[in-house]
Amino acid sequence: MLKIKDMMDVVVIGGGPAGLSAALSLEGIGLKVTVIDPAPMTALQEPSFDGREIALTHHSVSLMKSMGIWDRIPQDEISSLREARVENGEENNPLIFDTQGKGEEALGYLVPNHLIRKATFEEVQSREGITVLSNTRCNKLNCFVDYARVEYSNADQDDAVFSTKLAVVSDGRFSKIRDSLEIGYLLHDFHRHMMVCRMKHELPHHQVALQWFDKGQTVALLPLNNNVTSVVLSLPPDEMNRVRSLEAEQFNLEIMKRIHGRLGKMELVSTRHVYPLKTVFANRFETRHAALVGDTAIGMHPITAHGYNFALIAQEILADEVLAGLKRGEEIGTSKQLRHFEKRLRIKTMPMFTLTNTIATLYTREEKGLWKLRRLGIKTANLLKPVRNKVVDTLIDKTTTLPSPKSILSKRF
């Protein structure tokens with residue numbers, strides 16, 4: 001027998017950084033939020049290292065500061081990104097992005113994903129208006145004209161139901177909840193796997209990130225503090241299985257050979273993690289009283305490291321539209337609010353998603369002619385200074401629409 005709970009303001013399905021950020025922003029405009037996640041509380045409080053380093057734009061940093069997340073991240077774990085280079089094979093004609101003449105020292109900042117998760121959860125736990133239910137799984141989400149119905153279960157009680165004015169779905173790029181809502185998505189499988197790990201090296205990286213499209217492989221070198229680099233290696237699955245199984249000493253030699261000794265002697269200083277390279281773009285980001293955020297809405301290729309940046313943009317737009325609706329005297333999660341959210345998020349993200357997939361496809365296929373085409377593409381982009389300036393301007397823009405956590409609404413509009 002299902003237990004029916006009272007009507008709630010917001011239920012967030014998924015306690016990853018995207019869902020938790022949405023909870024913070026929605027609580028920040030005066031709403032009561034419940035977050036449910038199947039992971040145990042200890043895993044939410046102390047997430048383990050997963051190899052991923054998140055490249056944050058200045059806009060994302062501003063959002064994280066406004067939500068109280070940024071100051072919870074250890075400062076010695078924040079690495080500045082001074083310059084980014086894109087190279088094609090062994091050709092000496094890189095595409096370079098930097099902030100010269102922009103009044104900023106850094107293009108962005110690199111932060112370990114598990115520390116973002118930890119800091120975000122710590123801030124969530126400090127908010128009176130947010131309740132987190134760990135070991136709790138959403139079994140079904142039904143969306144009606146006036147509300148959404150969240151059926152859930154955990155080990156401590158019988159199955160129960162939340163009725164909510166707004167369900168925020170953030171349970172990953174292969175979301176079962178999104179599927180149950182019959183929201184389709186564009187899936188692009190690159191038929192490659194990505195390995196991420198940290199390596200210490202003898203030569204300095206000068207805080208320069210490299211995206212290197214080489215024959216048979218794609219390599220990203222992300223500069224971290226203390227002469228450490230996050231190595232991101234993309235290979236066909238069979239070759240990746242060979243590389244991932246190498247002993248540490250052989251692995252060190254393999255990576256040094258693959259990057260042509262650019263960083264001198266290298267040593268593995270972390271665990272290795274492998275992920276399939278698949279991107280997702282949902283056909284819709286909303287339905288009745290429900291919104292998709294994070295990878296559930298847009299699962300990006302790591303080439304631009306925009307995944308979490310887009311997750312922050314999504315929850316920022318959602319909170320902004322809900323707040324605008326409350327000021328108009330509407331209930332939470334009306335179709336007008338969610339349609340506006342959908343339109344703004346699509347305009348903001350579709351061009352970058354399409355461009356990223358196009359570039360990733362072009363630079364990972366080995367057909368003759370494509371090599372010449374991508375060489376021409378880099379040369380052309382280097383000549384188009386306004387295009388490069390536009391990219392840099394986007395990375396260093398700090399404008400946000402979120403209110404400060406200190407300005408939480410005292411009453412419902």
**Message:** Could you work out, with salt bridge (charged side-chain N to carboxylate O under 4.0 Å, His left out) as the rule, every residue matching Arg262, not counting sequence neighbours?
**Reply:** Glu87
**Prompt:** Who pairs with Lys200 by salt bridge (charged side-chain N to carboxylate O under 4.0 Å, His left out), at least two apart in sequence or on another chain?
**Reply:** none
**Prompt:** Rounded to the nearest 0.5 Å, how far does NZ of Lys257 lie from CD1 of Ile259?
**Reply:** 13.5 Å
**Message:** What's the separation between atom OG1 in Thr296 and atom CD1 in Ile13, rounded to the nearest 0.5 Å?
**Reply:** 9.5 Å
**Message:** Could you walk me through whether His114 and Phe49 satisfy the ring pair (Phe, Tyr, Trp, His ring centres under 6.0 Å) test, starting with their C-alpha distance in whole Å, then the side-chain angles of each, then the deciding distance to 0.1 Å, before giving a yes or no?
**Reply:** CA-CA 5 Å; His114 74 289; Phe49 176 76; 5.5 Å; yes
**Prompt:** Quick one: do the Gln337 and Thr334 side chains pair a donor with an acceptor below 3.5 Å?
**Reply:** yes
**Item:** Sequence-distant partners of Lys118, side-chain hydrogen bond (donor to acceptor under 3.5 Å, both in side chains), two or more places apart
**Value:** Glu46, Glu122
**Asked** Taking only residues two or more places apart in sequence or in another chain, which ones pass side-chain contact (heavy atoms from CB on, under 4.5 Å) with Asp37?
**Response** Ala39, Leu44
**Request:** Assign the ring pair His273 / Tyr275 to parallel, tilted or perpendicular, where the plane angle (0 to 90°) is split at 30° and 60°.
**Result:** parallel
**Prompt:** Could you give all pairs that pass the salt bridge (charged side-chain N to carboxylate O under 4.0 Å, His left out) test and reach residues 164-179, with sequence neighbours left out?
**Reply:** Arg173-Asp295
**Request:** Can you run down the salt bridge (charged side-chain N to carboxylate O under 4.0 Å, His left out) pairs that involve residues 232-247, sequence neighbours left out, and say none if there aren't any?
**Result:** Glu239-Arg242, Glu239-Arg258, Arg242-Glu254
**Request:** Quick one: closest heavy-atom pair of Phe285 and Ala297, and the distance?
**Result:** CE2-O, 3.6 Å
